[in-house]
Number of protein chains: 2
Amino acid sequence: MKMKSHCPINYSLEHFGDRWSLLIIRDLMFNGKRHYNEFLESGEKISTSVLGDRLKHLEEVGIISKGKDKIKKSRIKYSLTKKGINMLPIMLDMVCWSGQYDNKSDVNNVFLAKINTEREMLIQSTREKLEGEHLMD
Amino acid sequence: MKMKSHCPINYSLEHFGDRWSLLIIRDLMFNGKRHYNEFLESGEKISTSVLGDRLKHLEEVGIISKGKDKIKKSRIKYSLTKKGINMLPIMLDMVCWSGQYDNKSDVNNVFLAKINTEREMLIQSTREKLEGEHLMD
DNA sequence: CTGTATCCTTAGGGATACTG
DNA sequence: CAGTATCCCTAAGGATACAG
């Protein structure tokens with residue numbers, strides 16, 4: 001991958017600056033999704049070819065990892081890496097920002113207020129939850 | 001613009017989820033750029049047609065506004081709106097996240113540490129600076 | 001200086017079928 | 001269930017010229 005620059009904003013863009021990657025990360029981070037078919041079912045209707053491509057790219061850049069499901073060994077499971085979990089503040093800020101302006105937002109105001117007033121605590125507790133679920137796989 | 005969903009992450013993506021918009025916002029927010037030709041000069045080498053398109057889109061969705069330069073009335077000046085300035089936490093988190101992983105990053109460690117330890121103060125002071133520069137145009 | 005307009009090329013993406 | 005492979009179409013983007 002040829003980088004356009006070494007600006008940190010551009011670095012972010014090279015990792016997840018497309019129309020789909022953040023939706024996959026959202027599903028892993030907030031919606032408990034871990035399997036290929038679950039990503040396909042999300043409201044934005046990603047296609048199989050695009051999903052395959054983005055999963056591969058996100059794994060290559062170290063944001064997600066791929067493993068076998070502990071319970072059902074034949075099933076494949078995706079997890080956030082530490083690098084992926086560390087995107088939590090970015091994701092929460094986006095939810096918060098959108099919540100201010102989208103009157104049709106899916107997010108309720110209680111949660112929005114919580115991001116604002118208890119941001120650090122919320123990040124900490126969510127991080128612990130994610131690290132328990134994802135990193136231990 | 002037809003929205004794929006009302007998820008807040010998707011709302012963000014519909015606003016600035018492409019390879020160029022965040023670079024323009026970055027230039028307005030951190031690099032003091034305000035004019036068409038200044039955006040063209042940035043390291044990522046945006047083309048005139050793409051720049052024109054993104055400026056129009058960002059204005060339509062209310063993130064930037066367009067006005068005449070106070071000093072030189074013939075010159076056109078772009079500013080962040082309140083909605084644009086409110087993206088500051090998102091942008092700082094991206095800088096912070098990238099700074100952890102990009103060893104060639106343009107950002108120095110002092111600034112990174114500052115984002116982490118004095119986040120709220122840094123946001124507040126930067127916001128005041130931006131509101132002075134941009135909103136009063 | 002701030003844009004459009006045009007032309008052309010490439011990348012992104014939807015639909016569908018197929019495979020281990 | 002978790003993907004590839006293919007086909008085809010559209011959107012995105014680079015280069016350049018030109019206009020107000």
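Chain letters run A, B, ... following the sequence lines, proteins first, then strands; residues in each count from 1.
- For the pair B:Lys68 NZ and C:dT2 P, the computed distance is 12 Å after rounding to whole Å.
- Boundaries of the chain B contact region on DNA chain D are D:dG13 to D:dT16, first to last in 5' to 3' order (nucleotide atom under 4.0 Å from a heavy atom).
- In this model, a donor atom of one side chain and an acceptor atom of the other lie less than 3.5 Å apart for B:Lys33 and B:Ser42.
- Put simply, the side chain of A:Tyr78 does not reach to within 4.5 Å of the side chain of A:Glu38, judged on heavy atoms.
- Two residues are said to be in side-chain contact when any heavy atoms from C-beta on lie closer than 4.5 Å; B:Phe30 and B:Leu130 fail this criterion.
- Comparing B:Val50 and A:Lys77 along DNA chain D, the residue whose closest nucleotide (by nearest heavy atom) sits nearer the 5' end is A:Lys77.
- Checked for salt-bridge contact, A:Lys129 and A:Glu133 meet the test: a charged N lies under 4.0 Å from a carboxylate O.
- Distance B:Leu51 CG to C:dA5 C1': 16 Å, rounded to the nearest Å.
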Nucleic acid footprint by protein, nucleotides 15-20 of chain C - heavy-atom cut-off 4.0 Å, B for base, S for sugar-phosphate alone: BB----
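- Atom-to-atom, CZ of A:Phe16 to P of C:dG12 comes out at 17 Å; the value is rounded to the nearest Å.
- Counting non-hydrogen atoms under 4.0 angstrom, A:Lys72 reaches nothing in the nucleic acid.
- Residue A:Leu23 holds its CG atom at 8.0 Å from NZ of B:Lys4, rounded to the nearest 0.5 Å.
- Separating the CD1 atom of B:Ile64 from the C1' atom of C:dT2 is a distance of 13 Å, rounded to the nearest angstrom.
- By the 4.5 Å heavy-atom criterion applied to side chains, A:Leu92 and A:Phe111 are counted as neighbours.
- Per the geometry, CZ belonging to A:Arg19 stands 10 Å off P belonging to C:dG14, to the nearest Å.
- Taking every heavy atom of residues 35-46 of chain A and every atom of DNA chain D, pairs under 4.0 Å involve A:His35, A:Tyr36, A:Asn37, by number.
- Straight-line distance from the NZ atom of B:Lys66 to the C1' atom of C:dG3: 8 Å, rounded to whole Å.
- Of the charged side-chain nitrogens involved, at least one lies within less than 4.0 Å of a carboxylate oxygen, so that A:Glu14 and B:Arg19 count as a salt-bridged pair.
- For the pair A:Lys56 NZ and C:dG13 P, the interatomic distance rounds to 15 Å; values are reported in whole Å.
- Remark: B:Lys83 is positioned above the aromatic ring of A:Tyr101, its terminal NZ or CZ atom under 6.0 angstrom from the ring centre and at most 45 degrees off the axis.
- Atom-to-atom, CG of B:Asp53 to P of C:dA5 comes out at 12 Å; the value is rounded to the nearest Å.
- A salt bridge links B:Asp93 with A:Arg119; the closest basic N to acidic carboxylate O contact falls under 4.0 Å.
- In the set C:dG14, C:dC1, C:dG13, C:dC1 carries the atom at the smallest distance from any side-chain atom of B:Arg75.
- Remark: A:Glu60 does not engage A:Arg54 in a salt bridge, criterion side-chain N to carboxylate O under 4.0 Å.
- Ion pair B:Glu131/B:Lys82 flagged as a salt bridge, since at least one NZ, NE, NH1 or NH2 atom sits closer than 4.0 Å to an Asp/Glu carboxylate oxygen.
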